[in-house]
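Side-chain atoms are counted along with the backbone in the values below, which use heavy atoms only and exclude waters and symmetry mates.
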Amino acid sequence: MKRYSAFAIAREALRFHTGWERAWRSPEPRRRYDVVIVGAGGHGLATAYYLGKNFGITNVAVIEKGWLGGGNTGRNTTIIRSNYLQDPSAAIYEKARSLYETLSQDLNYNVMFSPRGVIMLAQTHHEVRGYQRTAHANALQGVTTEWISPERVKELVPIIRLDGPRYPVMGGLWQARGGTARHDAVAWGYARACSAMGMDIIQKCEVTGVRTEGGKVRGVDTTKGPIDCGKLGIVVAGHSSHLAEMGGFRLPIESVALQALVSEPIKPCMDVVVMANTVHGYMSQSDKGEMVIGGGTDGFNNYTQRGSFHHIEETVRALIETFPMISRLKMLRQWGGIVDMTGDRSPILSKTPVEGVFVNCGWGTGGFKAIPGSGWAMAELMAKGHSPLTADFGLDRFREGRFIDESVAAGVAH
Amino acid sequence: MSEPTSALNRAEFKGIAKVEETGLHGMITLRGDQSSAAIKKAVLSVAGTVMPEQREAIFSDTGGVVWMSPDELMLLCPYSEVEARVAALNEALAGTHALAVNVSDARTVFRVSGPAARDVLSKLTPADLSPEVFGPGQVRRSRLAQVSAAFWMEDDETFGLFCFRSVAQYAFDLLKVAAAEGSEVGYF
Amino acid sequence: MSVRLSTGGRLIDRATEISFSFNGARLKGYAGDTLASALLGSDQMLVGRSFKYHRPRGIVASGAEEPNALVNMGEGARFEPNQRATTTELFAGLSATSQNHWPSLEFDVGALNAKLSRFLPAGFYYKMFIHPRSFWKHVYEPFIRQSAGLGRAPDSEDADSYEHFHLHTDVVVVGGGIAGLLAARAAAVTGAKVLLMEQTAHWGGRAPVDGGLVDGQPVGDYIDALVRELSEMPNVTLRLRCMASGVYDHGYLLGYERVRDHQPGAPGPRHRLWRVRAKQIVTATGAIERPLSFAGNDVPGVMLASAVRDYLVNYAVSAGKRVIVATNNDDGYRTAIALKQAGQEVLRILDARETGGGALMAEARRLGIRIDCGRAIGKVSGGKRVKKVQICAYAGAGGALEEVACDAVAMSGGWSPVVHLWSHCGGKLTWDAEQAYFRPDATRAPTGADGQPYVVPAGSANGVMMLDAICGDAVEAGRAAAKAAGYKLKKAAAIEAEPAPETPIEPVWMMPRDARVQLRMKAWLDYQNDVKVSDVQLAAREGYESVEHTKRYTTLGMATDQGKLSNINGLATLADALGAEIPAVGTTTFRPPYTPISMGAIGGEARGAVFQPLRRTAMHGWHEKNGADWEPVGHWRRPYAFARSGESVHDAVMREVKNTRENVGLLDASTLGKILVKGPDAGKFLDLLYTNMMSSLKPGKCRYGLMCNENGFLVDDGVVARIDDETFLCHTTTGGADRIHAHMEEWLQTEWWDMQVYAANLTEQYAQVAVVGPKARMLLEKLGGMDVSAETFPFMTWQDGTLGGFDVRAYRISFSGELSYEIAVPTAQGLAFWEALVAAGKEFGIMPYGTEALHIMRAEKGFIMIGDETDGTIIPQDLGLNWAISKKKEDFLGKRAQERAHMTDPNRWKLVGLETLDGAVLPDGAYAVAEGVNPNGQRNTQGRVTSTYYSPTLCKGIAMGLVLKGPERMGEVIEFPGTDGTVFKARIVDPVFYDKDGEKQNV
Amino acid sequence: MLTLECPYCGVMADETELTAGGEAHLKRFGPGSSDEDFEAYLFERENPKGVHFERWRHSHGCGKWFHAARNTMTLEVYGTYPAQTSEPPVEIRNKISGIAPGWSWRLFK
């Protein structure tokens, strides 16, 4: 793999950039791999990457129905934070956040991790107490967060209206090392690194069946023929139930549409990420200058990647109330993605009833921020059969009533 | 005992349509099996009208009966008579499984009138208010911006509607915005 | 230079001069101008700077597809960035400034990027700025952000208002061109209700510019008649300045009406969002001309041939005095002919086709225009405007044959149907190799709720480009839509139209065909985002083969025009680079809106006072007048405390608690839920809803009850009063009223529908006042009426009666531990009753108190609060409420769930009281630490604070919390670290801090 | 933006008048049931790509719960029916079979 650098660009410029090699190979599938990962999104590619990097398992194929990074990795609002309340969540999201810090260097691909800081606004007494609780929890979890005053909020976000007629800003939970990253680059960077380790990324290849024998996985059938494997990882946000059905088991998951939108680009006016959960909206400004906006999910099962417009309305209203200036910006584009919602709204990283089949799903509205940690933990789970980071995220918790509920701190996950 | 007051004291606004809070009305929620003779009889004797059909609103000079759902009616009457009518209903329905309860103070009633009335309400509700679909004699329960409401037509240019009393001010403010000068749509 | 001609201009009114300003300069235009035509009329060629390289940018198009002419408009509360000059109607006093440059449009430091462009290819930032790590955040990113972005950010609150409008109709026709008008009429004559939307301020679209005859009349006259006819049909609504921004599921369509953009400040909403439910949608959205990809095709003065024609015919503005036309199809000739006829000099028509065109070419030649076939533009030179053009053979690498000085270039690369609305909801496209464009695939239309197609394309939006065919197609589309909407068709007379016959287009994706890399690096695809042919080829080379990868890697089509000009050229370039067929490469996803719509319009009326419903009790106004500091609870606001002038909120709370404990306090409890449950099975039903037994409650009595969800968690609590054998009144928390009523209805309707039970939410029927404190009884006795003595009105009972002349229902229940009556009166008398209590209570030192005093008093008594002690993960057993969980009942909601392994785990944290050793107040939400760390390196914990207050009664901090095996560890001291390093030591105690035996409330 | 016919009001209700209530025809398991059955009842969902039976409440309208048979890939609505039933009406099942042969749902087809 030729290294990327300013010098490489200068060198290539002299030959009009005709010398760049492919970022990743696109091979035909081999007959058998030690590990097959279904889903070349961020989570799937990161799982493959850490299988190779941490455990030396490189005889790996990552199979993708469409184009790599084309699922929720390529259609989310790129927020990265780890200020979660419950220990298991804080652990895996903080692992992810800390890996993001050095991801560009690890992958030799600039994923533009921008630790610009994330504020979660408290706009009711209940939220104040919820975030103060989170701040206490974070302090013991090794997650650096801080409860800040309205005045400090205003310093960080000059365009905010503190004394909104309805929900005055009473303070906020501030994570200075939270931020954003370039979502496509995360998938592309992992793909390039996996390919360089000799792994096969097979795009436009749909899994049509999971082959098992005596309760143990044997391989998968695909539109490019059968592929055998020792272990199978299902990492297909939005389609998990569908794949589980092929494996012969059900998941505590419903798939719904989550929407986002961007404004036209304007000059920089907001340097941090702001989440306003009382009114259901969050916003950051991309490096291109667009205001990147997200909100809530549809209430009904949906696989169309199109949401209902009234959710966009609700979110935009909320943000106009919080940031009056956006009223005169224009929405450039809206889109939707399909997210897996679990019974407790927390993810599932788990063994399954089928030996050798592992599932990573249920990230709901918050998956992007977790990609490196999720891949790291999933790789450990698949390689060793257990991982402290995944221990609490098993399927068994739904039977035992041992939930991981983040909504309790009034903090919705994004 | 003091003089009961409606939420907005008959507040009014005149824009491209006239908006009025119409004061206190006697309102009775009647839950029960609308196909049962006992209920039909009770409605006839207490409200003086036959049982309304689906989405029908029947008015008489002393009040009316509005269909709310297959097992729910809203009986309208003068505010002063409501307790007596609830008592009469309970009497007429003795032994029948039904629920008659005074909700006069839990609702606020508005009137929106003028040639632009349909336009004004159509700014706030997703319900189809086209003349060929909705007119006098019918009721529609739907959404008025962010709150629930039921509306009917007194004549082709006059809507009656009610919502919960706690959001009366919100509903009035909404209707004022929707009827603001210069906001003519000219669709209906 | 571009000029305003002395005659002509079908849309302008020369009698009305309009003055406006651009970058401070006073300029003049005419009524009917767009900002773009007025700027060109004033020879303002340079209007902006591109996104990445800050290249000089001029107006290239004449409509919604314009990528370059974006300006800052207006000032202060009416300022708006990124306004598209080509779709902005000129009005008196309009002030606009250009964007994305520093210090000035003419001289822009950012243009340095252009010099470095060779070092800034597609995706360069993924490959550099990697080291040193901290530089991305602190050096590189701030620089990139500064030079990116277009318009200025608005800095004040929007002065305008917005609204929505809902309507249901049979057929919506999108586009007011000849096709839309004909489709609308064809649908309307069947009786169907039709709404016709046109995004511009004029009917007719392109046809009047391009000319031709329909039914023997000039198409312009025919259109005028058609509009007159339609405006007289009662079942037709015509709407100008109204763009269909998106098509959504189940026949939902959004229309974006710019009501006041052309007359800012006039009363009424600025924008209106039409939320339409249509049975059928006809998309007569026309087609957009494609640029040609040649070196320097982005120099100001290079324009779409159709745009040059539009400005000439509609506004009498000529893009240049000496023009070169480059084309690969016959339509380009129309521009040359129009220019020539308007007395402008057309130096050349360069037709890439070896054999040139047909009738139009003949006419151009007859007019004496020089036509070079098989020729192409090798390169356009000029900085801020076109200076000269290098002409070369199309079939070649770009060797210059000659150089011609000129001041404008009109380019025509063929037309692409506008398929956005067709595609928004899943309509598929098919590639027409003959005409070289994607058009709607009629066999794969978007389908609605009934599974049937609901979008019908018409005219050039359907890939039909000839006037006669357009007319026929439009009529058929209108009829098809009406039929699908359920209307009977009558025979329709065919429409005769005469177009000039045209010879086929020859697809040209790079000009010249085999241009060398130096030229490809100067051939723009996306003008705004600076994406060039060489960038797409680079993406393909590096394996970004999916069209989505290429788009995202190069940013092709991601600018504010969403690739209206660049997408087809871009993916053709990609297909060529991959050696694949264009349809195999496919398009990127079309997403709403068609062109950007204002956030204000999306929000609609919901701002300020009507942002959200605010629920008010009968006493709300009194609270406001008496210094209430509000606490939002759901959509209600409850007084947190009543601060007196000069008094802090905290002091007010302390005073309220003291006074209630010593004298008498008043609480507005109206917001608490009151749900009437009646029927033969009411008791049985409530036994399933509550954890405790309700069927055994005697009429006249009250009982505190707990509700869990099916998952076992505590969701609400409250006092249930039994009214008679068949009737119960269930009190809920303030937040719970609607939720619990819905919860009851859900179980009654969807699981236990055989039960004979009716529920009614009476929350708002009653204003409820808690009269609390040792002097409560004295106060009520003074009011007079019912007997409120302990003997006849004992604790946990209720009675109907009168007080001070008010009909009341009174409950002897207490959430404060004091002697307490909760009194309900009809809401219409709530305020009067409250004021009567305040007046009568003077002598007893009565004071109203708010929710914080309420919370403190209940905490002093060790009463739990839903939302404080509970958070959705807590079961009653955690809170020592086992006494309220019936052992006798075989079933209630949550019972089965509470038998699961984790719910019966002896190590669950349990409720206790907490007292700091020094009397300090524990921090809210603090956790108690245990030894060591968990496998993830997180500090182990053994409990947390759920409620913590300073108790003015006990003069010290008190708290409630959940602690591992807490009740077994009374007296033990545990540590709660704060977030600031301080550590609080607290002793585990009984949660009941005050009046443990309940003597006070029971008097 | 869905529209569903409320079988009680007989009107086409806009999605914004409705509240979605998740999968329909779940069999309630209470005290005495196995951990497996109880977990399945509370959490395991069909979540199919295709025919879906689901619950809706006309919350801004008559307040009644009803069921809808809807396709999660195309959003086609095969029909709506009152909630007081443990199985979809046979006419709706037949209609679905006509449009989407081979569909299946838990116990019935």
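Looking at Thr617(C), there are no atoms closer than 4.5 Å to chain B (heavy atoms on both sides), in backbone or side chain. Only the backbone of Val757(C) comes within contact range of chain B, judged by heavy atoms closer than 4.5 Å. Of the two parts of Ala767(C), neither the backbone nor the side chain holds a non-hydrogen atom closer than 4.5 Å to a non-hydrogen atom of chain B. In this structure, chain B has a heavy atom under 4.5 Å from the side chain of Leu167(C), while its backbone stays farther away. Of the two parts of Tyr162(C), neither the backbone nor the side chain holds a non-hydrogen atom closer than 4.5 Å to a non-hydrogen atom of chain B.
The backbone N or O of Ala828(C) sits less than 3.5 Å from a side-chain atom of Asp105(B), completing a donor-acceptor pair. A donor-acceptor distance shorter than 3.5 angstrom exists from the side chain of His168(C) to the backbone of Pro126(B), with no hydrogens or angles considered. The backbone N or O of Pro613(C) sits nowhere less than 3.5 Å from a side-chain atom of Gln146(B) that would complete a donor-acceptor pair.
A salt bridge is defined here as a Lys NZ or Arg NE, NH1 or NH2 lying under 4.0 Å from an Asp or Glu carboxylate O, and Arg272(C) with Glu184(B) fails to meet this definition. With salt bridges taken as basic N to acidic carboxylate O contacts below 4.0 Å, one links Lys123(B) and Glu163(C). Using a 4.0 Å cut-off between charged nitrogen and carboxylate oxygen, Glu132(B) and Lys193(C) count as a salt-bridge pair.
Between the OH atom of Tyr170(B) and the CZ atom of Arg616(C) there is a distance of 12.0 Å, given to the nearest 0.5 Å. Taking OG1 of Thr29(B) as the start and CG of Leu676(C) as the end, the distance is 10.5 Å to the nearest 0.5 Å. Glu764(C) CD to Ser166(B) OG: the interatomic distance, rounded to the nearest 0.5 Å, is 3.0 Å. In this structure, the separation between CG on Leu175(B) and CD on Glu605(C) is 10.5 Å, given to the nearest 0.5 Å. We find the CG-OH distance between Leu195(C) and Tyr187(B) to be 6.0 Å, quoted to the nearest 0.5 Å.
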Val610(C)/Phe172(B) under side chain to side chain contact (heavy atoms under 4.5 Å, CB included): CA gap, chis, key distance, verdict: CA-CA 10 Å; Val610(C) 291; Phe172(B) 187 62; over 6 Å; no
Check against side chain to side chain contact (heavy atoms under 4.5 Å, CB included), Leu831(C) and Thr5(B): CA-CA 9 Å; Leu831(C) 179 58; Thr5(B) 53; 5.9 Å; no
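A 6.0 Å sphere centred on CD of Glu81(B) holds more than 12 heavy atoms belonging to other residues, nucleotides or ligands. No more than 12 heavy-atom neighbours from other residues, nucleotides or ligands sit within 6.0 angstrom of CD on Glu91(B).
Using cut-offs of 30° and 60° on the angle between ring planes, the pair Phe188(B) and Phe165(C) is tilted.
In this structure, Tyr758(C) has its ring center closer than 6.0 angstrom to the ring center of His97(B).
When each of Arg277(C), Gln612(C), Arg275(C), His620(C) is scored by its heavy-atom pairs under 4.5 Å with chain B, the top score falls to Gln612(C).
For the pair Gln169(B) and Arg615(C), the minimum side-chain heavy-atom distance is 4.5 Å or more.
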